[in-house]
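Single-structure report; data block below.
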Amino acid sequence: MNGVHDMGGMQGYGPVIVEENEPLFHHAWEPRALAIVLAMGATGKWNIDWSRSVRESLPPALYLSIDYYQIWIEALERLLLQAGLVEPQEIHADKALVPPVEGVRKLLKENVVATLNKGGPTERVTESTAKFSLGQQIRTRKMNPATHTRLPHYCRDKLGVITAIHGAHVYPDTNALRQGEQPQWLYTVSFDAHELWGADTTASSVRVDCWEPYLMAVA
Amino acid sequence: MANASDNKSTHDHHSHDHGDSHDHHDHHGHSHDHHSHDHNSHDHNSHDHQHDHAGSELSEIELRVRALESLLIDKGYVDPAALDALIETYETKVGPRNGVRVVAKAWSDPAYKKWLLEDATAAIASLGYSGRQGEHMVVVANTPEEHNMVVCTLCSCYPWPVLGLPPAWYKSAPYRSRCVIDPRGVLKDFGVELLSETKITVWDSTAEIRYLVLPMRPEGTEGWSEEALSELITRNSMIGCDIARTPAQLAAANGACL
């Protein structure tokens, strides 16, 4: 989706504001927000691509005006509704108004450390072979899907070189739509910064992780 | 990012519906007018009793998060003790100290450094760091010729097991937008100026591969223990927004603390 979340190369946001001795959290609600988002993520009722898709689908002006944990909360409310775990009238109530969905896998305290240490690896076994090889030149696709994708706007339809092959990984473009993991080969592609930006850059190269469907062979 | 003194009172809420009502993280200072707490057209009247009129009134977002937490506990979807354990993990166990240990070991042990650059996930896991948002790790080494920086232009992907939770600036629009086009300008915002002949490579973490920068070991540290070297490694140097401190900078910093 060509949204405001796709920020690479955008101009006018001003300097990076670095806070001296920045605290881990700025407000008391932030750790609570972090914890409920992580705990609900652990229920497996949605996947990370679905949740990213919901975050980047927030109204653009809203997305740009709030902090990241607020984006998480906005998205959590929407995910809870989309997944059917809560009803709209419950969102701003502080108690259940209808019975819960049965069989939700609850993250228990004793499983927190093990769950975090395990994480959610995305590499999958595949019987397909990688279409591209190390050092091969490719061109990224010219594409503008209205749905979730992880190929940033600034590196579409650009020439690049494969610099790493990471195996087959869950494909966000389908996983976000609940169309399954459909693992695809994942590559790191190196772009010469001038290919991306012309002369208006101080980078030498930009490396982007790209799934195979994002790439085309160059004749 | 967000002002530490919550700017909840800078906005009157009466034109908002619940989907759009927030305290914004702008930087317009502290001109809060405390008379504008008009909650009559949104749906938080039931929480008014929670307001502490001694001056720490709860913000809109605080109320929303509280309501959600209460709802999810009441529904039986979350374990309150698990919430506390999650927070405690990132407050006390998982943070940049983990990454510092990885870097200090790589500086001290050539075999470990080789392993780290070939299979970072395994080399980092051997020190006990793995899992969420660090499932697939790659370490990129700075050299005199090439400086590496890490960003996530699409969201805020960050290697949690080795660096903890990302700082506000990493998640901010200025960093996410500018890093891939003008990394040298971004470095200036951090007070870092590299030699003009040093090439800058920017890694945009678009997939589930997470990147850690291995900064260059400063000169004049021959024979230093891992523990001593750790003092030179900053969190930002492992993102590529800083370089490791020199022994002289460390001495000056320590002197300033005395």
Original post:
Is chain B contacted by the side chain of A:V98, its backbone, both, or neither, given a heavy-atom distance below 4.5 Å?
Top reply: both
Original post:
Measuring heavy-atom distances to chain B, does A:T188 have an atom under 4.5 Å in its side chain, in its backbone, in both, or in neither?
Top reply: side chain
Original post:
Which one of A:V206, A:L215, A:T163, A:V161 satisfies the side-chain contact (heavy atoms from CB on, under 4.5 Å) criterion with A:V189?
Top reply: A:L215
**OP:** Below 4.5 Å from any heavy atom of chain B, which atoms of A:R150 appear? Answer side chain, backbone, both or neither.
**Re:** both
Original post:
Under a 4.5 Å heavy-atom cutoff, which of B:E91, B:K188, B:H136, B:K93 has the most pairs with chain A?
Top reply: B:H136
Subject >> Side chain, backbone, both or neither of A:Y154 within contact of chain B (heavy atoms, under 4.5 Å) >> reply: side chain
Original post:
When rounded to the nearest 0.5 angstrom, what distance separates OH in B:Y77 from OG1 in A:T43?
Top reply: 9.0 Å
Original post:
Between B:D79 and A:L107, is any pair of side-chain heavy atoms under 4.5 Å apart?
Top reply: no
Original post:
Counting distance only, does the side-chain N/O of A:Y187 pair as donor-acceptor with the main-chain N or O of A:F132 below 3.5 Å?
Top reply: yes
Original post:
Under a 4.5 Å heavy-atom cut-off, does chain A meet the side chain of B:T121, its backbone, both or neither?
Top reply: neither
Original post:
Between B:P161 and chain A, which part of the residue has a heavy atom less than 4.5 Å away: side chain, backbone, both or neither?
Top reply: neither
Subject >> A:A193, part contacting chain B, at a heavy-atom distance under 4.5 Å >> reply: neither
Subject >> Portion of A:E90 that has a non-hydrogen atom of chain B nearer than 4.5 angstrom >> reply: both
Subject >> A:L116 versus chain B, the contacting section by heavy-atom distance below 4.5 Å >> reply: both
Original post:
Where does A:V4 contact chain B at under 4.5 Å (heavy atoms): side chain, backbone, both or neither?
Top reply: neither
**OP:** Taking the side chain as every heavy atom from C-beta outward, state whether B:L154 and A:R52 have any atom pair closer than 4.5 Å.
**Re:** no
Original post:
Are a donor atom and an acceptor atom from the side chains of A:Q82 and A:W46 found within less than 3.5 Å of each other?
Top reply: no
Subject >> Contact class of B:Q133 relative to chain A, heavy atoms under 4.5 angstrom >> reply: side chain
Original post:
Just one of B:Y170, B:Y90, B:W169, B:Y211 clears the ring-ring contact (aromatic ring centres under 6.0 Å, His included) bar with B:Y158, so which one?
Top reply: B:Y170
Original post:
Is chain B contacted by the side chain of A:P172, its backbone, both, or neither, given a heavy-atom distance below 4.5 Å?
Top reply: neither
Original post:
Are the side chains of B:C155 and A:E56 in touch, meaning some heavy atoms are under 4.5 Å apart?
Top reply: no
Original post:
Between A:I48 and chain B, which part of the residue has a heavy atom less than 4.5 Å away: side chain, backbone, both or neither?
Top reply: side chain
Original post:
Checking heavy atoms, do the side chain of B:S156, its backbone, both or neither come under 4.5 Å from chain A?
Top reply: both
Subject >> Which portion of A:L186 sits near chain B, non-hydrogen atoms under 4.5 angstrom >> reply: side chain
**OP:** May I ask you to decide if the ring planes of B:Y175 and B:F190 are parallel, tilted or perpendicular, using 30° and 60° as cut-offs?
**Re:** perpendicular
Subject >> Region of A:D200 in contact with chain B, defined by heavy-atom distances below 4.5 Å >> reply: backbone
Subject >> Residues A:R156 and A:N2: side-chain donor-acceptor under 3.5 angstrom >> reply: yes
Subject >> Side chain, backbone, both or neither of A:K106 within contact of chain B (heavy atoms, under 4.5 Å) >> reply: both
Original post:
Is B:R178 close to B:D189 at the side-chain level, that is, under 4.5 Å between some pair of heavy atoms?
Top reply: yes
**OP:** Identify which part of B:L72 has an atom lying under 4.5 Å from any heavy atom of chain A, answering side chain, backbone, both or neither.
**Re:** side chain
Original post:
Contact part of A:E123 toward chain B, heavy-atom cut-off under 4.5 Å: side chain, backbone, both or neither?
Top reply: both
**OP:** Examine whether an atom of B:V138 lies under 4.5 Å from a heavy atom of chain A, and if so say whether it belongs to the side chain, the backbone or both; otherwise answer neither.
**Re:** side chain
